[in-house]
Amino acid sequence: MALHSHPQTDDLERADKNPRRSQLSAEKKRYIAKLIAKHGNNYESMVHDLTANPEQLTVAKLKKLATKFYASQEKKRENKKDAMDIDTSLAQQKLPKVEEDEGDTSLKKKKRKKKKKKDKLLIM
């Protein structure tokens with residue numbers, strides 16, 4: 001779904017002040033997303049579209065919903081970007097190399113013993 005132009009940044013900042021009020025339910029997100037997909041940011045046509053706007057929300061209420069919707073989408077994008085930044089920073093870190101030697105065979109034995117104990121516990 002393509003999103004249209006965002007409301008002014010002042011509106012987005014105002015919507016972000018109280019996190020409880022800025023959250024939209026999944027139902028409201030679907031409702032406003034459907035209207036935005038159909039009408040863009042033409043709130044007057046949204047008001048007159050009774051099939052897509054059965055609650056008959058006013059222009060002001062639709063603008064508030066759209067502002068909250070855009071803010072939530074922006075926050076979602078930021079969270080994804082932050083998560084990707086963390087992933088790339090972890091990938092760029094150089095991890096120490098583990099050298100294989102005779103000590104590794106003792107590790108393998110310990111793992112086998114742990115697995116046997118675990119299997120015994122599962123049987124009981």
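The analysis underlying the following values was restricted to heavy atoms, covering all of them including side chains, and did not include hydrogens, waters or symmetry mates.
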*Identify the two heavy atoms, one from Lys29 and one from Leu24, that lie closest to each other, and give their separation to 0.1 Å.*
CE-O, 3.6 Å
_Check against side-chain contact (heavy atoms from CB on, under 4.5 Å), Leu35 and Leu57_ = CA-CA 11 Å; Leu35 285 166; Leu57 297 177; 5.9 Å; no
*asked:* Looking at Lys64, I want to see if its NZ is surrounded by more than 12 non-hydrogen atoms of other residues, nucleotides or ligands under 6.0 Å.
replied: no
*Pairwise distance CD(Gln56) to NE2(His48) - rounded to 0.5 angstrom*: 11.0 Å
*Answer yes or no: does atom CD of Glu55 have more than 12 heavy-atom neighbours from other residues, nucleotides or ligands under 6.0 Å?*
yes
_For Tyr43 versus Ala66, what's the shortest heavy-atom pair and its separation?_
OH-CB, 3.5 Å
*Show the numbers, then the answer: is there a side-chain contact (heavy atoms from CB on, under 4.5 Å) between Asn41 and Tyr70?*
CA-CA 11 Å; Asn41 285 337; Tyr70 286 129; 3.1 Å; yes
*Looking only at heavy atoms, what is the nearest atom pair of Ala33 and Phe69, with distance?*
CB-CZ, 3.8 Å
_Could you check whether any side-chain heavy atom of Thr58 comes within less than 4.5 Å of a side-chain heavy atom of Val47, counting everything from C-beta outward?_
no
*asked:* The test is salt bridge (Lys or Arg N to Asp or Glu O under 4.0 Å); show your working for Glu27 and Arg30 and say whether it passes.
replied: CA-CA 5 Å; Glu27 183 180 331; Arg30 282 193 300 271; 5.5 Å; no
*Between atom OG1 of Thr67 and atom CG of Leu62, what is the distance when rounded to the nearest 0.5 Å?*
10.5 Å
*Would you call Thr51 and Lys38 a side-chain contact if the rule is heavy atoms closer than 4.5 Å?*
yes
*Please round to the nearest 0.5 Å and tell me the distance separating atom CD of Gln23 and atom NZ of Lys28.*
15.0 Å
*Report the distance from atom NZ of Lys75 to atom CD of Glu78, rounding to the nearest 0.5 Å.*
8.5 Å
